[in-house]
Amino acid sequence: MIAKLWKHEWLDNRRTLLGVAGASALVSLLASAGVALGLPDYGFSFIAGAVAVALPAVVTVLLLWSYWKTMYGRLGYFTGTIPVRGRVVFAAKLTFTLAACVLAALEGVALFLVLMIAREREWTTPAALMADFWKLLTGAPHVGLWVLALVVVELACMLVQLVAGISIGQGPHLVRQGVAGSVIVLIALYLVNQLTNLASMVLIPASLRIGGPEAGHVVWSPMLGGLFNGSFHSGASADLLGLGFIPVTIVLTAVVAWLAVRSIERHTSLR
């Protein structure tokens, strides 16, 4: 059933997704060509880079809007007739959104690499550029790879919470607010994430050392101790990055997803 729902999602969003992907590629590649040809600077580098960076965000916003329309807008009546439980519909839409955003991010990375190649006077090959990038990530002390993994986990959890927050915002207490109800919940989730991330990073005794001879190693000390020692002892131990936010964010995301499924199955009410 998931595959059928995926097919429906694709049919609903293919024109928008392909249009955005094609337009982004065209603009970015033309701007990169202007950089490579050494044309007068009309902001070609900025345009190409901005398009590559903005593409995943644009796709995310479009799919979140599509989720709201097909769940709580006029199309929600059709979605409600599908003979499956709400959690199945939620899982299908969520995984489709995740997959589309991953593909958009990969296209953005590819467009950014093209720009980097265009900026190189020696015409660095894609293979050489990727080799340099991989060396930066995996070379001693592996801090780059750690940071990349943390960013991926955080972004994935954020996307799940965005989708789930829309459904929570259409619960019995906020459904009359329409889109505003979902916006209120998303703002509240943002604030909760900021507070829990800060507290868990500083207080939970698990940190990544990002400087010194032990850089790249996990130490079972809270980031707060490193900040305190760094402030009063010349920065000797101020090179810790708290990792406590990872399990806290995952647990919070699981709770938010459960609340979303509960809202879909028990409290969905279309106006």
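Position 1 is the first residue of the sequence, and the numbers go up from there.
Here the closest heavy-atom approach between residue Ala48 and residue Ser28 is recorded as O-OG, 3.4 Å. Across all their heavy atoms, Pro56 and Ala105 have their closest contact at CG-CA, 3.7 Å. Across Ser24 and Glu107, no two heavy atoms sit closer than the pair CB-OE2, 4.5 Å. Ile204 and Gly244 get closest at one heavy-atom pair: CD1-O, 3.7 Å. For the pair Gly165 and Leu186, the tightest heavy-atom approach, listed with the atom from each and the gap, is CA-CD2, 3.9 Å. Contact between Ile168 and Val256 at its shortest, heavy atoms only, is CD1-O, 3.6 Å.
Side chains of Gln170 and Ser263: a donor-acceptor N/O pair is absent below 3.5 angstrom, by distance only.
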(message) Using side chain to side chain contact (heavy atoms under 4.5 Å, CB included), reason through Met71 and Phe90 one step at a time and then give a plain yes or no.
(response) CA-CA 9 Å; Met71 291 291 286; Phe90 176 76; 5.8 Å; no
(message) As a quick check of understanding, evaluate side chain to side chain contact (heavy atoms under 4.5 Å, CB included) for Arg85 and Val261, giving each step before the final call.
(response) CA-CA 9 Å; Arg85 300 185 68 180; Val261 171; over 6 Å; no
(request) Determine, step by step, whether Thr196 and Thr249 satisfy the side chain to side chain contact (heavy atoms under 4.5 Å, CB included) criterion, reporting the C-alpha distance in whole Å, the side-chain angles of both residues, the deciding distance to 0.1 Å, and the verdict. (result) CA-CA 8 Å; Thr196 55; Thr249 300; 5.8 Å; no
(message) side chain to side chain contact (heavy atoms under 4.5 Å, CB included) for Val160 and Leu94? Distances and angles first, verdict last.
(response) CA-CA 7 Å; Val160 173; Leu94 175 61; 4.1 Å; yes
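Looking only at side-chain heavy atoms (C-beta outward), Val163 and Ser167 stay at 4.5 Å or farther from each other. At a threshold of 4.5 Å between non-hydrogen side-chain atoms, the residues Phe96 and Leu63 count as touching. The shortest side-chain heavy-atom distance between Leu243 and Leu150 falls under the 4.5 Å cut-off. With contacts defined as side-chain heavy-atom distances shorter than 4.5 Å, the pair Gln161/Leu252 qualifies.
From Asn13, atom CG reaches atom OG1 of Thr70 across 7.5 Å, with rounding to the nearest 0.5 Å. The CH2 atom of Trp10 sits 4.0 Å away from atom CG of Leu18, with the distance rounded to the nearest 0.5 Å. Atom CD1 of Ile166 is separated from atom OH of Tyr72 by 8.5 Å, given to the nearest 0.5 angstrom. Atom NZ of Lys93 is separated from atom CG of Leu98 by 13.5 Å, given to the nearest 0.5 angstrom. Remark: Met116 CE to Ser45 OG distance equals 7.0 Å, nearest 0.5 Å. Here Arg87 contributes atom CZ and Trp258 contributes atom CH2; the two are 10.5 Å apart, rounded to the nearest 0.5 Å.
At a threshold of 4.5 Å between side-chain heavy atoms, the hydrophobic network of Ile, Leu, Val, Met, Phe, Trp and Tyr places Val20 and Leu30 in two separate groups. Both Ile2 and Ile264 belong to a single network of hydrophobic side chains, linked directly or stepwise wherever heavy atoms of I, L, V, M, F, W or Y lie under 4.5 Å apart. Criterion: ILVMFWY side-chain heavy atoms under 4.5 Å apart, direct or through other members. Under it, Val248 and Ile246 are not part of a common hydrophobic cluster. Tracing side-chain contacts under 4.5 Å through hydrophobic residues (I, L, V, M, F, W, Y), one reaches Met201 starting from Val153; they form part of the same cluster. No chain of hydrophobic side-chain contacts below 4.5 Å, direct or via other Ile, Leu, Val, Met, Phe, Trp or Tyr residues, connects Val58 to Leu106.
Taking the six-membered ring where the residue is Trp, Trp68 and Trp65 present parallel rings, their angle staying beneath 30° rather than reaching 60°.
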